[in-house]
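Written below as structure tokens is the structure these notes are about.
Below, chains carry the letters A, B, ... as their sequence lines are ordered, and counting in each starts from 1. Below, all heavy atoms of this structure are taken into account, side chains as well, without hydrogens, waters or symmetry copies.
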Amino acid sequence: MTEQNMAQTTIDKLKSQIGSQVTLRGWVYKLRSIGKIWFLVLRDGTGLLQCVVVKAEVPEDVFAMESRLTQESSVIVTGTVREEKRAVGGVELGVSGIEVVHVAEEYPIAPKEHGTAFLMDHRHLWLRSRLQHAILKVRHQVIKASRDFFDSNGFTLVDSPIFTANAVEGTTNLFKVDYFDQNAYLTQSGQLYQEAGALAFGKSYCFGPTFRAEKSKTRRHLTEFWMIEPEMAYCDLDEDMSWAERYVEYIVQWCLEHCKTELATLERDTSKLEKVKRPFPRITYAEAAEILARKGSDFKPGSDFGGTDETLISEEFDRPVMIHRWPADIKAFYMKRDPANNDLALGVDMLAPEGHGEIVGGGQREDDYDILLKRIRDNDLPVKPFEWYLDLRKYGSVPHSGFGLGIERTVGWICGTKHIRETIPFPRTIYRIEP
RNA sequence: UCCGGAGUAGCUCAAUGGUAGAGCGGGUGGCUGUUAACCACUAGGUUGGGGGUUCAAGUCCCUCCUCCGGAGCCA
């Protein structure tokens, strides 16, 4: 290894390298010139660094590079790290040399305000900007925390397929694909397969993309989104809710500890997240309906909650709230009924605070063969594609439960972003499939 | 699918029916500590498409397209 390679570093490590001669590889984030000094703000994926080029301190050709360089040009910069209160991040680089790797063409995203449509058209470049970078860093940590949580609690990763022959919830619109000469769909949930996983491994989970062909046009919807779905054998609704609150608490506390810089960049009020500690309130659907009645919503009892209703309910609590025991009519066929009231399903939804909507949906599954078969028929679903699913009730059926957590809505809540489309690298919405 | 909103310079937006403009970005020049630097100069337009009314349309009417927000549905 040459001396040059040994000095190779990244911006996030510079605080411990003050006084050292280092080399950084990155891109020009911003340029400012005041004559015989110019400033280059370097971006390397780990942070931003102000680099100072002084005419009297560098060779003439290095100083002359200011006129050649453009925003987002790729450069390798060498210099001495020093403390500097005036610079962003508290350190700066006194430049001794610059190697130009590529001079970028005029960059479309100027350091000024842009509209969302324009930025989304340039999503592949927008990812480089501070806020988008921070949001996706949080997304990464949410996913890491999720895997850590389930991996260290005895769950086995059992990936569900993306192509499926059956519609989990029957009623919702699925993306149909030509699967050779047969119809297939893109999955809208990996849950059914996790039930097989839980009966094989005790506790299993999957994490992958799911697809909904609904023509939703709201800040809470994507046609392609990522869901993490755990499923537990020998688990009833109460235990299911305990898993959900442990998991959500874990993710939020993990991000508070590991995403301090990003949450500060996003100007997130973290005091709201610090309150996300167990136990979370658990209320019934009927109690939630009472809250809405008291607050004057025009909500119709027996129906599902709309976005506004969810916000009204979540405003009552300072942490996520779990709503359980729903009218069976509005829930999926596979949900087990409440032994105390056959009209109610043992389902649970978790609403995030601050109006970020439903982040978790789940419940206890019907484990009786005859009842499940009847439900499939009552819902006018074809029995054939569900035969394997029914088998799970023929060979060692047990009470089991699970849930799914929407990654994008969770990231949106933790980051405090208004639009869910900023929480996924390349969002897919009804009118956007590019870039 | 329904309701509402918007399409004008690369971007963000102005412009009573009467000569299409500004800021930012780009280019040129100036400045030894800038923070969205500043100052001067400069280039940049089929006003989303089509049709109509009018002496005259970015502006009024019809139609189509695109996008945005919300509803429904959902995570």
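- Here V360(A) lies in heavy-atom contact (under 4.0 Å) with sugar-phosphate atoms only.
- No option in V22(A), V91(A), L24(A) other than L24(A) meets the side-chain contact (heavy atoms from CB on, under 4.5 Å) test with I11(A).
- With ring centers used as reference points, F163(A) lies under 6.0 Å from Y179(A).
- Atom CZ in R409(A) sits roughly 4 Å away from atom C1' in rA75(B) (whole-Å rounding).
- No option in W243(A), F207(A), F149(A), F201(A) other than W243(A) meets the ring pair (Phe, Tyr, Trp, His ring centres under 6.0 Å) test with F155(A).
- Between G306(A) and A117(A), the residue anchored closer to the 5' end of RNA chain B is A117(A), taking for each the nucleotide with the nearest heavy atom.
- Nucleotide rC68(B) holds its P atom 9 Å from the CG atom of D121(A), rounded to whole Å.
- Within 4.0 Å (heavy atoms only), I109(A) reaches no atom of the nucleic acid at all.
- The gap from the C1' atom of rC62(B) to that of rU54(B) amounts to 16 Å, rounded to the nearest Å.
- For T223(A) and G115(A), each mapped to the nucleotide of RNA chain B holding its nearest heavy atom, the one lying further toward the 5' end belongs to G115(A).
- Computed from coordinates, the F118(A) CZ to rU66(B) C1' distance equals 16 Å when rounded to whole Å.
- Residues F63(A) and I37(A) have side chains not in contact (no heavy-atom distance under 4.5 Å, counting atoms from C-beta outward).
- Separating the P atom of rG72(B) from that of rC3(B) is a span of 16 Å, rounded to the nearest Å.
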Worksheet entry | Secondary-structure string, 5' to 3', Watson-Crick or G-U under 3.5 Å, | for another-strand partners, for RNA chain B | (((((((..((((....[..)))).(((((.......))))).....(((((..]....))))))))))))....
Discussion item. Treating primed atoms plus P, OP1 and OP2 as sugar-phosphate and everything else as base, which nucleotides of nucleotides 28-33 of chain B get B, S or - for protein heavy atoms under 4.0 Å?
Written reply: ---BBB
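- Looking at heavy-atom distances under 4.0 Å, E105(A) makes no contact with the nucleic acid at all.
- Note: CD (E310(A)) to C1' (rA71(B)) measures 14 Å, nearest angstrom.
- If you run side-chain contact (heavy atoms from CB on, under 4.5 Å) between R139(A) and each of I414(A), T410(A), V411(A), only V411(A) comes through.
- Residue R421(A) places its side chain closer to rG69(B) than to any other of rA75(B), rU12(B), rG69(B).
- The main-chain N or O of A104(A) is found under 3.5 Å from a side-chain atom of T70(A) such that the two form a donor-acceptor pair.
- Side-chain contact between T417(A) and I420(A) is absent, with no heavy-atom pair separated by less than 4.5 Å.
- Rounded to an integer number of Å, the gap from CG of L174(A) to C1' of rC74(B) is 12 Å.
- When heavy atoms are screened at a 4.0 angstrom cut-off, I420(A) is found touching base atoms of the nucleic acid.
- A 4.5 Å side-chain heavy-atom check between W413(A) and L273(A) finds at least one atom pair inside the cut-off.
- Residue contacts for H419(A): at a heavy-atom cut-off of 4.0 Å it reaches the sugar-phosphate backbone alone, with no base atom in range.
- The same atom, P, is picked in rA75(B) and in rU59(B); the two are 46 Å apart, to the nearest Å.
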